[in-house]
Amino acid sequence: MKISDIDIDATLENIKQLLKEDKAVSPSLRAAINLLLLIIPILMGRVNTNSRNSSKPPSQDPNRVKKSRAKSERKAGGQQGRIGKTLTPVADPDEIKVVKIEHHTLPKGHTYTFKGYESRQVFDIDIRRLVTEYRAEIVENEQGTRFTAPFPQNVRSSVQYGPVLKAHAVYLSLYQLLPYERVREYFEDQLCIPLSVGSLFNFNQEAFEQAEPFEAWVKQRLSQSHCIHADETGINIAGKRHWLHCASNASLTWLAPHTKRGHEAMDEIAILASFKGILCHDHWKPYYHYTQCRHALCNAHHLRELTRAWEQDKQVWAQRMHLLLCKMNEAVKHSGGSLTPEQALGWREAYRDCLKQADIECPPPDETQREGKRGRLKRSSARNLLERLRNFEDDALRFLEDPSVPFTNNQGERDIRMLKVQQKISGCFRSMDGAHIFCRVRSYLSTARKQGVSGSQAMASLFKGEPLAFMTDDIALHQVD
């Protein structure tokens, strides 16, 4: 490590040598210097840790500079074969306006006959409220007895909000992550509809209750899937640290808040305990509590740790392993998603050879230096990474032969990302009930999007009590990453 051309590692070694040779240093001063020598590498490691070599997000990189994209030989704009999104004429426009020819502007001395129209369409929106008044007919017989027609079952009050309005409000709140006050202002300013913050919360709670069948459905489908991704992240609930757990794949999403992070929380969520497929994760140890399933490790985490080992610890083997993993990933992509057993064996041998060389450069601690200590001797970060890559080779390289196993756990991280956005916007959840509401409805919307259903359509179906088509069949059960 260097700062202003000063080699920190060499300087620290020099100080240690001088301290060892100088017998005149008092014990108290020697202890203080040793403490400083211990703290400096730790602080330097934090200074040099960023999103490239750790799990820190790019937003926390000091003095972050946006890198310019490398120039490409491709022309600017959409590439050939790309499915673009542009306006196309519709066959049934909502309104037709005929533009007549002003005949006095035409050349005189000619006879003109009608030959049709040239059409152009303008897409616009009409933001307005829609108030429907139900009038129940009243009749009276000759004895003076009155009879009133029954109102529709969903019309219970003299004035109430409709299901489409509720769905739109929940969509803005829980999918677009607008704060309650901004949603309230939107309804008042754009639609001239008074709406209180309390009503918005009630809409969210109603959506939560309506989505209860979805919870049982998605948990069953996830537990029976071939491959799922698992991840967890810290969340703030009422000012206290809690955890959000995620289990998902390309077709399904389930999010759940809990007070704990480990397998006790995962058992209560009731997905992983009965899962027997392939579980992709970032090597958080509690996931290995589930021995009935196979595991696949996130190589994006490995690449970042290898970058740190090369940049900070000058471990050459880490640079070689980084390059090797990237080449493996490219080989899998070029082979259509998986390699033959013979091809995979060749890459595994290269992987093992790299770790053998790493043993020479980064050996384990010297057992003769125990000095009465019990248990496992402390290892460096690079050594811990080396041993993990060796001990969990099958899990790290499972992507080579199984096309359902991705190179990274990015699916789980993407599904959990919007929760972090919500925390940045709102700061926290005020209660555990609010966190449960957010997670269940957000899981429902995320799954709907993965199944090709828009968020607004999914919310409208929820408030109308109409189950979505994908929940009535078993297609999602067989879909994997």
Side-chain angles (χ1 to χ4, degrees), residues 66 68-137 149 151-152 154-155 159-179 181-195 200 203 445-446 448-470 475:
K66 187 176 181 180
S68 59
R69 294 179 61 184
K71 290 187 178 180
S72 172
E73 296 179 356
R74 297 179 179 179
K75 295 181 179 180
Q79 303 301 310
Q80 186 176 4
R82 170 182 173 270
I83 301 176
K85 291 190 179 291
T86 186
L87 286 177
T88 56
V90 297
D92 53 343
D94 299 294
E95 184 179 0
I96 297 176
K97 292 185 177 181
V98 178
V99 182
K100 297 283 189 177
I101 290 180
E102 297 181 2
H103 286 271
H104 68 274
T105 63
L106 299 175
K108 296 180 179 179
H110 299 278
T111 301
Y112 297 95
T113 58
F114 175 75
K115 292 297 182 179
Y117 296 100
E118 177 186 343
S119 63
R120 297 180 182 181
Q121 295 185 352
V122 177
F123 283 67
D124 209 336
I125 59 174
D126 181 12
I127 301 176
R128 61 190 179 93
R129 70 182 182 185
L130 176 63
V131 180
T132 302
E133 180 175 290
Y134 290 85
R135 296 181 177 179
E137 184 181 8
F151 285 99
N154 60 341
V155 181
V159 180
Q160 67 182 60
Y161 298 110
V164 177
L165 183 149
K166 294 179 181 179
H168 189 49
V170 176
Y171 171 80
L172 293 175
S173 173
L174 299 184
Y175 189 77
Q176 296 298 342
L177 305 180
L178 293 181
E181 185 61 26
R182 288 181 61 188
V183 176
R184 185 194 66 76
E185 290 178 359
Y186 163 79
F187 274 92
E188 288 191 358
D189 295 346
Q190 295 290 326
L191 301 170
C192 300
I193 297 176
L195 197 63
L200 286 172
F203 297 165
L445 291 171
S446 175
R449 294 277 295 180
K450 291 178 179 180
Q451 299 287 342
V453 181
S454 69
S456 56
Q457 181 183 347
M459 287 311 309
S461 297
L462 190 68
F463 276 98
K464 292 177 181 178
E466 302 170 352
L468 295 174
F470 66 81
I475 294 176

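Everything quoted here is computed from the prediction, not taken from an experiment.
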In this structure, are over 12 heavy atoms from other groups packed under 6.0 Å from Glu137 atom CD? no
Separation of Lys464 NZ from Asn154 CG (nearest 0.5 Å): 10.5 Å
Taking C-beta and beyond as the side chain, do Phe203 and Leu195 meet within less than 4.5 Å on heavy atoms? yes
Between Pro194 and Tyr161, the two heavy atoms sitting closest are O-OH, 2.7 Å
Which atom pair, heavy atoms only, marks the closest approach of Phe151 to Ala136? CZ-CB, 3.6 Å
Tyr171 side, atom OH; Ser454 side, atom OG - distance, nearest 0.5 Å: 7.5 Å
Correct closest heavy-atom pair for Pro152 and Tyr134 would be CG-CE2, 3.7 Å
Does a side-chain heavy-atom distance below 4.5 Å link Tyr112 with Leu106? yes
Give me the atom names and distance for the closest heavy-atom approach of Leu200 to Ala169. CD2-CB, 3.7 Å
For residues Ala458 and Leu445, report the shortest heavy-atom separation together with the two atoms involved. CB-CD2, 4.1 Å
Measure the spacing between CD of Gln457 and CD of Glu466 and express it to the nearest 0.5 Å. 10.0 Å
Using 4.0 Å as the upper bound for N to carboxylate O, is an ion pair formed by Arg184 and Glu181? yes
Looking at Asp94, I'd like to know if its CG atom is crowded, meaning that more than 12 non-hydrogen atoms belonging to other residues, nucleotides or ligands lie closer than 6.0 Å. no
Which atom names give the shortest non-hydrogen contact between Gln121 and Pro89, and what distance separates them? OE1-CA, 3.1 Å
Any idea how Tyr117 and Phe114 line up, ring-wise: parallel (<30°), tilted (30 to 60°), or perpendicular (>60°)? perpendicular
Would you mind reporting whether Leu191 and Tyr186 have side-chain heavy atoms less than 4.5 Å apart? yes
